[in-house]
Amino acid sequence: MIKAKKVNNTNILLTIILILGCVTVLFPLYMAIMIAFKNPSEMTNDVAGALGFPSHWSFANFKEAMRITDFWRTLGNSIFITSTTIVFSLIVHSMAGYAIGRSMARKKSFKFAYFYIVSGMFVPFAILMMPLVKETAQLGIDNRLGVILLYVVFYMPMNVMLYSGYLKNVPLAMEEAADIDGASAWRTYWTIIFPMMKPMHATVAVLTALGTWNDVMTPLVIMSGTKNTTLPLAQLNFQSQFGTNYNLAFASYLLALIPILIFYVICQKQIIGGIANGAVKG
Amino acid sequence: MKTTKQISSRDKTYLLMILPAIILFVAFNTIPLITGAVYSFTNYKGYGDFSFVGLRNYIDLFSDERVRNSYLFTFKYAIIGTILINLLSILLAMGLNSKIKGKTVLRGIYFIPNILGGLIIGYIFGFFFTYILPAVGKAVHIGFLENSILADEKYAWLGVLIVGVWQAVAMNTIIYISGLQTIPSDIYEAGMVDGVTPWKKFTKLTFPMLLPFISINLVLSTKNMLMVFDQIVSLTKGGPAQSTESISYLIYRNGMDGGQFGFQSANAVLFFIVIVAFAIIQIKITGKKEEQL
């Protein structure tokens, strides 16, 4: 009797506390929106000047910010780099994860390859940074292609671990049946195994996308001389042009945050599921 | 006969499949890692001639005050940050996993900080610390808040810490929630019949069941906190008076532009060893705890 009562009751006090706690998350975003829509003249020195509603909602700051940061081109670069990295990652990492997952138990060399790649997780970018700047320049890939290739390498340890771990749940029977039918291992992989790993593809895509989209350090050191920049990097590059015009700067920050927020609202389930999945399987 | 042939052709395919990954990994991880290690024994400036100087850079690392300060700051930041992150996210996960209204929406909101980039969040918080917080401090007369904490040598690291924790809690909470969901509810029901206090319920039931997840989260958040970079760039640029200069930021600053390619390579090698050491120690400790239970 007592048990049934407990199960049905929602904890109202806790709900209220958690709703109030959301302020810590939403306040910085609220502040950014209020400032971005305001004229610099409305920014008086007291808190209300910054946090109050603007006298009228103006998109002028956004227009100006788009012009300064060459928004559409920068957005295009970010989308291009992130999506190409995901495609490469899904192909290269899943193949490697499959080959390792299926051979690790029998072959020492594949077991070694597994630990060799996974240990890369603990190599900080700081140690690779300076040699990579030289290397990519020498190879003529100190550009978007270089950044993409580096991302494919940086996310390889985590993704290979996820894929080979996931394969433990994929029964061998499918491949054995295909074998009897005379299909090559290569064909079996692409027609049967690759489609079966869909849940893991989603996890890998989400984790890789969040990492590459928000990364500043790699494009900063690799592409600093080129015209191409990514959305976060543009905020750094144009700091001096924003100067003390915070309204303009915040409009630009919001523009840079909006694409990922839209992506989050649409794919929230996959993103949270992907993160949880990745951590538990890893 | 046929089967052995098939197996060997299958192995060939496996080899072919792993090859692109291995080539890329060697080219952009192993080779630069070795190159960096080699440069760490030279006096290379990043340009021009250089010669090998043996262990010179490594000896100098330990007497360089700026390097020592960056390690002290990074350790302080990572250790306090990791503790705060895990305490807050266990609490938040337990809250979000209990019987509450609007669970999905609340979880969705609390996860937002994780998807936003550290650099931009740093800029937004930078404004908050520089203009809003001092105004509030003046209004309620809290002495140390009346000026921007980012401009104060003593408190600037707190600003960086707040932003780092704010972002990292989201990710760890999601992992703890999935951990809490692996705990079968009949364990709690058995406990309830026995009339166990909530604190006992946590220490005897929840905590041990969560241990594997605590171990994942400790390793992940320590690693991420040790590598702090974006927030430093947007909040303090290592200042004031280098009080918030993280190891990554120092290597970037002085290695790329400061003519210390060789010296900072040695610093990077040391940093790598430190990160691995932290991970091994944590895995050993949490592993032992799990065995005991």
Side-chain angles (χ1 to χ4, degrees), chain A residues 3 9-11 14-15 18 22 25-26 28 31-32 46-47 50 92-93 95-96 98-100 102-103 113 117 120 122-124 126-132 135 149-150 152-153 156 160 179 184-186 210 214 216-217 221 232 235-236 246 249 253 256-257 260 264 268 272 275-276 279-280, chain B residues 6 10 13-14 17-18 20-22 24-25 28-29 32-33 35-36 95-96 98-101 106 108-113 115-120 123-125 127-128 131-132 135-136 171 174-175 178 189 216 227 229-230 233 247-248 251-252 255-256 261 265 268-269 271-272 275-276 279:
Chain A
K3 211 162 72 186
N9 267 5
T10 54
N11 193 334
L14 193 60
T15 310
L18 284 169
C22 285
V25 171
L26 297 176
M31 186 182 80
D46 59 348
V47 178
V92 173
H93 298 162
M95 283 198 310
Y98 173 71
I100 287 172
R102 285 294 187 246
S103 327
I117 290 176
F122 292 97
V123 178
I127 194 173
L128 305 174
M129 175 171 63
M130 294 179 281
L132 276 176
E135 196 181 326
L149 289 177
L150 292 186
V152 173
V153 172
M156 193 184 288
V160 164
D179 247 8
S184 68
W186 180 255
L210 288 180
N214 288 324
V216 177
M217 216 171 175
V221 297
Q235 312 311 314
L236 176 62
Y246 288 102
Y253 303 156
L257 294 180
I260 192 94
Y264 177 60
Q268 192 191 327
I272 292 184
I275 303 264
V280 178
Chain B
Q6 248 180 10
R10 165 169 288 245
T13 313
Y14 285 159
M17 287 175 134
I18 198 176
I22 295 284
L24 282 172
F25 194 81
F28 298 113
N29 191 298
L33 187 66
T35 322
L96 289 172
S98 41
K99 301 254 169 245
I100 50 164
K101 281 217 167 85
L106 280 171
I109 290 173
Y110 277 109
F111 189 66
I112 290 176
I115 59 160
L116 307 176
L119 185 88
I120 297 174
Y123 284 132
I124 294 176
F125 269 93
F127 182 87
F128 176 74
Y131 296 99
I132 308 291
V136 174
M171 170 82 158
I174 293 297
I175 298 175
S178 55
E189 281 160 22
I216 295 172
M227 293 189 195
F229 180 81
D230 294 4
V233 171
I247 303 168
S248 293
I251 294 171
Y252 165 75
M256 300 286 292
F261 200 116
S265 293
V269 171
F271 184 36
F272 176 38
I275 286 179
V276 173

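The chains referred to below are lettered A, B, ... by the order of the sequence lines, with proteins before strands, and numbering in each begins at 1. None of the values given here were measured: they were computed from a predicted structure.
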Proximal component of [X], with respect to chain B [non-hydrogen, under 4.5 Å]:
| X | result |
| --- | --- |
| A/Val152 | side chain |
| A/Ile272 | both |
| A/Ile260 | both |
| A/Met130 | both |

Sort out for me which of [options] touches chain B most, counting heavy-atom pairs under 4.5 Å.
| options | result |
| --- | --- |
| A/Leu150, A/Ile117, A/Leu149 | A/Ile117 |
| A/Pro124, A/Ala249, A/Ala185, A/Ala32 | A/Pro124 |
| A/Ala96, A/Cys22, A/Ser103, A/Pro232 | A/Cys22 |

Is there a side-chain contact between A/Leu14 and B/Ser98, using heavy atoms and a 4.5 Å cut-off? yes
Under a 4.5 Å cutoff for heavy-atom pairs, which residue among [options] has the most contacts with chain A?
| options | result |
| --- | --- |
| B/Pro20, B/Gly95, B/Gly108, B/Pro113 | B/Gly108 |
| B/Ile132, B/Val276, B/Thr35 | B/Ile132 |
| B/Ala279, B/Ala21, B/Ser265 | B/Ala21 |
| B/Val269, B/Ile22, B/Leu116 | B/Leu116 |

Give the minimum heavy-atom separation between [X] and [Y], together with the two atoms involved.
| X | Y | answer |
| --- | --- | --- |
| B/Tyr14 | A/Ala99 | O-CB, 3.4 Å |
| A/Leu128 | B/Asn29 | CD2-O, 3.5 Å |
| B/Val233 | A/Leu236 | CG1-CD1, 3.5 Å |
| A/Pro131 | B/Pro32 | CG-O, 3.4 Å |
| A/Leu18 | B/Tyr110 | O-OH, 2.5 Å |

Anything under 30° is parallel, anything over 60° is perpendicular, the rest tilted; go ahead and classify B/Tyr123 against A/Tyr253. parallel
Roughly how far, to the nearest 0.5 Å, is [atom2] of [Y] from [atom1] of [X]?
| X | Y | atom1 | atom2 | answer |
| --- | --- | --- | --- | --- |
| B/Leu33 | A/Ile127 | CG | CD1 | 5.0 Å |
| A/Gln235 | B/Ile124 | CD | CD1 | 9.5 Å |
| A/Met156 | B/Phe25 | CE | CZ | 7.0 Å |
| A/Leu257 | B/Ile112 | CG | CD1 | 10.5 Å |
| B/Ile109 | A/Gln268 | CD1 | CD | 9.0 Å |

Between A/Tyr264 and B/Phe111 (side chain of the first, backbone of the second, donor and acceptor by atom type, cut-off under 3.5 Å), is there such a pair? no
Checking A/Asn214 side chain against B/Ile115 main chain: does a donor-acceptor pair fall under 3.5 Å? yes
Checking [X] against chain A: side chain, backbone, both or neither under 4.5 Å from a heavy atom?
| X | result |
| --- | --- |
| B/Leu96 | both |
| B/Phe229 | side chain |
| B/Tyr252 | both |

Mind checking whether A/Phe122 and B/Phe272 have ring centres under 6.0 Å apart? no
